[in-house]
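When reading the values below, keep in mind they use all heavy atoms of this one structure, side chains included, and skip hydrogens, waters and symmetry mates. Note on naming: letters A, B, ... go to the chains in the order of the sequence lines (proteins, then strands), and numbering restarts at 1 for each one.
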Protein chains: 2
Amino acid sequence: MIDVAREAGVAFKTVSRVVNGEPVRRESLERVDAAIAKLGYRRNIGAASLRSGRSRTVGLLVYEISESFQLSLAQIVEAALAEKGYRLVVASTMGLGEREAEFFESFCANNFDGLIVLPSTVEQSYMRPELEAGVSIVFVDRPPKNLETDVVLAENREGMRHATEYLIAGGHRRIGFFSLKLDNYTGVERHGGYRDALDAAAVSYDERLVSEWPETRQQALEALDAMLALPSPPTAFLSGASPLAKRLLWAFRQRKITPPFVSYDDFELADLFEPPVTVVSQDSRRMGLAAVDLLLQRMQGDTTPPRVVRIPTHFIERGGSIMPEA
Amino acid sequence: MIDVAREAGVAFKTVSRVVNGEPVRRESLERVDAAIAKLGYRRNIGAASLRSGRSRTVGLLVYEISESFQLSLAQIVEAALAEKGYRLVVASTMGLGEREAEFFESFCANNFDGLIVLPSTVEQSYMRPELEAGVSIVFVDRPPKNLETDVVLAENREGMRHATEYLIAGGHRRIGFFSLKLDNYTGVERHGGYRDALDAAAVSYDERLVSEWPETRQQALEALDAMLALPSPPTAFLSGASPLAKRLLWAFRQRKITPPFVSYDDFELADLFEPPVTVVSQDSRRMGLAAVDLLLQRMQGDTTPPRVVRIPTHFIERGGSIMPEA
DNA sequence: CTGTTAGCGCTTTCAG
DNA sequence: CTGAAAGCGCTAACAG
């Protein structure tokens with residue numbers, strides 16, 4: 001920067017002003033721009049943020065970037081922040097809860113201005129010191145545990161209830177439910193929606209029809225077999241999340257069946273299966289924009305109490321019979 | 001750091017040594033550790049890198065993180081670097097070539113120690129100043145244009161030739177090829193492999209059987225229809241990359257056909273189609289490890305001439321008839 | 001609008 | 001093994 005200043009014949013502070021788009025005399029600006037171009041100068045963001053305390057960078061912490069919803073959210077958040085002049089750095093814990101804290105540390109050590117978190121199922125009280133020290137944090141998808149922050153949620157319960165009602169309307173009374181783990185918000189809510197719909201239709205809840213998070217294709221198949229071996233087996237199936245849907249589609253295929261099936265979460269190629277997969281889709285656009293909106297407000301010093309924003313889901317009916325197979 | 005030093009009763013330089021794992025007296029170490037824990041001190045990485053010039057951070061620039069190969073590569077690279085004490089920051093241009101330079105700027109401004117690039121199809125001479133200034137850069141998937149760096153490549157040509165030979169062995173003489181754009185390395189190589197196999201089997205090359213990068217499902221369908229309307233239509237199909245495979249599978253479905261089909265690039269759920277999709281799979285593990293290996297050598301000051309590493313592909317036969325339908 | 005001075009938090013260098 | 005001093009590249013605060 002000193003070199004540029006010398007080249008342009010101005011003080012190095014003037015160079016700083018030019019680089020930051022602050023007002024300078026027209027002539028200085030041109031001279032500085034020319035010097036920058038000539039010397040191939042590039043501003044060191046690290047040094048700038050060291051001094052100013054701000055980095056114009058936001059972190060996004062997701063637990064599985066390969067899930068269609070989370071990837072889409074990341075893209076939307078990135079675009080929305082770019083528009084406001086912020087960079088986004090994305091980190092994915094790949095389902096390993098213990099990495100969440102690790103990334104959080106790393107984000108803090110890089111003094112990011114804000115953080116958007118899609119939490120895995122661990123608790124987040126370790127974030128409290130930073131939160132109280134003024135770091136802006138917004139949660140998405142699931143609320144924090146042992147922490148108070150803004151949070152953007154999908155209408156998990158409504159969405160799952162709607163999916164269940166759809167199958168019930170098709171005449172099903174025995175509906176197998178492949179659930180997320182019930183130790184976290186989304187798992188509990190979606191399971192709750194399933195149960196709500198059963199209750200409303202006076203269909204009795206049978207826990208033998210619920211499989212909690214089979215972790216592999218093989219486990220999903222075993223759970224499916226167990227349900228099919230019941231005296232009164234399910235005639236339709238629900239999945240609580242896209243990874244489950246993929247395992248279950250594999251299991252259906254092993255058994256050469258194509259029962260009526262609806263999944264929470266859309267996923268790529270869901271429409272290309274035979275029959276295509278009807279889904280409850282989360283609105284990643286609205287959720288992402290809401291999260292950015294809340295975050296920017298906090299970063300601008302808003303200290304009102306934490307808010308909860310709920311975004312409705314969309315039911316995407318892709319055809320395929322919903323009638324029992326006979 | 002000064003606070004910690006005061007708390008521990010040592011010079012603040014000693015704290016720095018502890019934080020960096022440099023040798024200190026046992027007693028000092030314990031006192032400093034205790035003070036760090038008590039004060040909740042966290043080292044500011046930005047400041048450290050400002051002074052030292054190193055950031056222990058590597059950037060990974062991909063063009064489409066949602067592609068199975070690139071995501072897998074990112075995970076492998078991250079793990080391999082983590083083992084050596086480096087962080088990885090991933091940026092995806094989402095297929096927008098112009099964003100490549102933008103991210104590169106951003107990486108430089110954050111003085112990263114190294115960079116792994118999966119280039120989109122633009123040219124990279126803009127990286128030359130940094131490369132010559134000693135920034136370590138390794139290319140993966142495609143070689144740089146107008147630049148000399150280490151590069152890790154898959155055996156694109158061999159892989160595509162093998163896939164083509166497989167269909168020829170099934171008796172096919174008319175094979176529709178959905179190709180990447182021919183303005184880039186992978187596009188040209190894979191097309192070359194297709195052509196090599198045809199030539200070796202004395203099958204004439206017909207450019208009406210080649211569709212260059214239909215960008216949407218609809219365009220893929222139009223290209224498919226055009227081929228099917230030929231006097232001598234194709235009896236089998238090849239895709240040069242997974243996005244093409246997905247569009248083409250949709251098009252097959254529209255026309256209610258399931259012709260013999262092989263795609264370059266594996267993708268999630270490829271095995272769940274009916275029939276399952278046979279693929280040429282790139283070895284993301286070996287390619288990722290090779291890239292990290294080359295990069296670390298460069299970062300340690302290796303200035304030998306740039307190297308090219310080629311990694312074989314795997315042919316994953318998933319069944320489904322390869323015989324002509326009639 | 002421009003320049004000067006101080007200092008962000010850390011590592012480097014070099015002297016003890 | 002430890003400490004003091006200098007300074008990485010930049011912006012804040014203020015004076016001109």
Sugar-phosphate, base or nothing in reach of B/Arg54, heavy atoms under 4.0 Å: sugar-phosphate
Contact check, side chains of A/Val89 and A/Phe107, non-hydrogen atoms, under 4.5 Å: yes
Rounded interatomic separation in angstrom, taking NZ from B/Lys13 and P from D/dG7: 16 Å
Sugar-phosphate only, base, or nothing, as touched by B/Ala11 at under 4.0 Å among non-hydrogen atoms: sugar-phosphate
Minimum side-chain heavy-atom gap B/Gln282-B/Asp141 below 4.5 Å: yes
Integer-rounded Å distance: D/dC10 C1' and B/Asn110 CG: 14 Å
Interatomic distance, B/Asn20 CG vs C/dC10 C1' [rounded to whole Å]: 9 Å
Short side-chain N/O contact to D/dT2 OP1/OP2 from B/Arg25, under 4.0 Å: yes
Atom pair distance, as rounded to whole Å: CD1 in A/Ile2 and C1' in D/dT11: 13 Å
Flag for B/Tyr126-B/Glu105: side-chain donor and acceptor within less than 3.5 Å: no
Distance in angstrom units between B/Phe12 CZ and C/dC8 P, rounded: 11 Å
Position toward the 5' end of DNA chain D (nearest nucleotide), B/Ser52 or B/Pro23: B/Pro23
Of the listed nucleotides D/dC10, C/dT11, C/dT2, the one nearest the side chain of A/Met1: D/dC10
Residue-phosphate contact under 4.0 Å: B/Arg26 side-chain N/O, D/dC1 OP1/OP2: no
Touch class at under 4.0 angstrom, heavy-atom based, for B/Ser28 against every strand present: sugar-phosphate
A/Asn111 CG - D/dC10 P separation (whole Å): 16 Å
Shortest side-chain distance from A/Thr14, nucleotide among D/dG9, C/dG3, D/dT2: C/dG3
Under-3.5 Å donor-acceptor pair between B/Arg17 side chain and D/dG3 base: yes
OP1 or OP2 of D/dC8 under 4.0 Å from side-chain N/O of A/Asn44: no
Length of the CG-C1' vector between B/Leu50 and D/dC10, whole Å: 8 Å
Check: B/Lys84 and B/Met299 side chains under 4.5 Å, non-hydrogen atoms: no
A/Ser16 side chain near D/dC10 phosphate (N/O to OP1/OP2, under 4.0 Å): no
B/Arg51 (side chain) and D/dG9 (base): donor-acceptor pair under 3.5 Å: no
Residues B/Lys145, B/Glu123: salt bridge by 4.0 Å N-O rule: no
For atom CD1 of A/Ile45 and atom C1' of D/dG9, their distance in whole Å: 12 Å
